[in-house]
There are 2 protein chains.
Amino acid sequence: MKTRDKIIHAALELFNDGGEPNVTTNHIAAYMGISPGNLYYHFRNKEEIIHSIFDEYAQDLRVRFQPREEAVLSADSLLQYLDAVFMLMWRYRFFYANLPDILSRDPVLQHKYLEAQENLHQDIMVVMRHFRSLGLVTLNDDDLLSLATTLKLVATSWISYQTAQAPEAKITKAVIYQGVLQMLSVIRPLTSMEGRDVVLQLESHYCDQVERDVS
Amino acid sequence: MKTRDKIIHAALELFNDGGEPNVTTNHIAAYMGISPGNLYYHFRNKEEIIHSIFDEYAQDLRVRFQPREEAVLSADSLLQYLDAVFMLMWRYRFFYANLPDILSRDPVLQHKYLEAQENLHQDIMVVMRHFRSLGLVTLNDDDLLSLATTLKLVATSWISYQTAQAPEAKITKAVIYQGVLQMLSVIRPLTSMEGRDVVLQLESHYCDQVERDVS
DNA sequence: GTCTATACTGCGATAGAC
DNA sequence: GTCTATCGCAGTATAGAC
């Protein structure tokens with residue numbers, strides 16, 4: 001692997017582990033056993049490293065969140081869809097842990113982020129309207145929008161909410177799965193009979209995942 | 001007013017306005033027209049200033065969130081209750097904008113925060129059980145807990161979620177009110193007939209507030 | 001209590017040899 | 001491409017005069 005890529009991956013690892021604000025370029029270099037100078041040969045500055053990570057993330061997000069017809073048709077394929085999305089959150093968790101901070105320091109990144117969010121919002125609305133047309137939820141347009149906002153908020157804030165509530169605890173996959181469960185608990189009261197079955201199925205699956213991950 | 005208190009209030013103002021990480025002790029001193037040395041005569045360090053602000057906040061929170069019997073009995077007094085709480089969020093909004101960051105740098109504050117949260121959680125549960133016993137919502141114990149989590153999450157994350165979505169926009173009271181509306185939209189689907197009336201009343205009130213604040 | 005001046009620190013970043 | 005050495009800066013914090 002190229003040094004440049006190694007730097008990106010080392011940085012991602014350290015950011016996820018220690019929080020982006022606490023990881024300096026020197027830390028990254030030391031961790032890799034290369035010199036600071038070498039790091040700066042490959043990247044103009046720390047921002048550029050973060051940008052590179054974000055670009056990977058945004059591309060992944062875009063691909064995985066692409067609404068796929070089959071994902072909405074069965075509980076099982078919906079599950080694949082959710083899994084993919086939340087593994088993405090896990091992989092780039094440092095980002096979710098300090099979003100306002102990171103964005104406020106970097107207008108260019110802020111802009112990229114907004115574009116990605118816009119995209120995401122469209123995709124979510126498509127999926128949710130699809131649910132509605134299948135009769136799994138019964139909501140008017142306003143309620144659908146509120147729900148989308150709540151779900152996005154839970155998803156993007158879950159990690160930082162949890163670290164604020166239980167700081168000593170590391171962010172584990174179990175924490176992520178609990179976030180999915182929280183989202184499902186928001187959706188459940190809004191479902192029809194058929195929809196409820198799907199949600200309950202998903203809930204029991206993610207409960208198992210939490211169990212497995214804790215033990 | 002004592003210099004010490006002036007420092008606290010100047011810091012609160014600057015933190016709210018510019019974000020705590022971007023405000024240094026020098027900024028505070030310059031803003032007040034005193035010397036950095038003088039500031040450090042009154043406070044050992046920046047942390048201690050933040051602690052003082054947090055102590056004021058925690059005390060306010062405790063008092064205002066104290067469940068009052070009458071607050072739950074009519075939509076009107078419930079509204080007083082909500083207003084008081086959200087004005088508190090407004091007054092100390094810098095805190096909500098950077099919670100994970102601020103806490104991760106300061107274990108003592110983290111601990112104080114957890115105590116305050118524990119308290120808050122108890123109070124919320126009391127209020128919600130009261131709602132249930134009045135027949136305004138129909139939920140089992142698990143659902144009640146999920147709802148509490150979602151509401152706390154929306155409340156604590158709303159400001160940072162909004163700043164991430166619309167960074168250039170200042171945090172105004174309208175933003176806070178929209179947060180209340182978001183919470184109400186979460187509650188609405190869970191209410192009984194009578195409960196729904198109360199929620200709708202509250203929603204129309206906060207809609208008016210948003211309107212008024214925008215214009 | 002308040003000031004001025006300054007020391008200390010850690011991080012971001014660069015220069016120049018190899 | 002990689003290293004060593006080092007600069008500059010911003011922010012925290014202190015010393016000592018008034």
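Bear in mind that the values here come from a model prediction, so they are computed numbers and not experimental data. Convention: sequence-line order gives letters A, B, ...; per-chain numbering from 1.
With 3.5 Å as the limit, one finds no donor-acceptor pair spanning the side chains of B:Q178 and B:Y206. Side chains of A:T25 and A:Y40: a donor-acceptor N/O pair is present below 3.5 angstrom, by distance only. Donor-acceptor pairing under 3.5 Å is lacking for the side chains of A:Q182 and B:S146.
Residues meeting the ring-ring contact (aromatic ring centres under 6.0 Å, His included) test with A:F86, sequence neighbours left out: none. Taking B:D141 as the reference, B:R132 meet the salt bridge (charged side-chain N to carboxylate O under 4.0 Å, His left out) condition, with sequence neighbours excluded.
Under 4.0 Å is where a charged nitrogen must lie from a carboxylate oxygen, and between A:R188 and A:E203 at least one such pair does. A salt bridge does not link A:D208 to A:R212: none of the charged nitrogens lies less than 4.0 Å from a carboxylate oxygen.
Take the nearest nucleotide of DNA chain C for A:H27 and for A:R44: the residue whose nucleotide is more 5' is A:H27.
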Pair B:R105-B:E20, salt bridge (charged side-chain N to carboxylate O under 4.0 Å, His left out): steps then yes or no: CA-CA 12 Å; B:R105 271 181 278 126; B:E20 180 275 336; 3.0 Å; yes

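DNA chain D lies under 4.0 Å from at least one heavy atom of each of the following residues of residues 29-43 of chain A: A:G33, A:I34, A:S35, A:G37, A:N38, A:Y41, A:H42. A heavy-atom distance below 4.0 Å to DNA chain D is reached by none of the residues of residues 5-22 of chain B.
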Return all side-chain donor-acceptor pairs below 3.5 angstrom for residues 118-125 of chain B, not counting sequence neighbours, or 'none' if the list is empty.
unit_1: B:E118; atom_1: OE2; unit_2: B:Q122; atom_2: NE2; d: 2.7
unit_1: B:H121; atom_1: ND1; unit_2: B:K152; atom_2: NZ; d: 3.1

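A nucleotide of DNA chain C counts as in contact with chain B when one of its atoms lies under 4.0 Å from a heavy atom; the first and last such, 5' to 3', are C:dG1 to C:dT4.
When the P atom of D:dT14 is taken as reference, atom CG of B:N26 falls 14 Å away, rounded to whole Å.
Not one N or O on the side chain of B:W158 forms a donor-acceptor pair closer than 3.5 Å with the backbone of B:V180.
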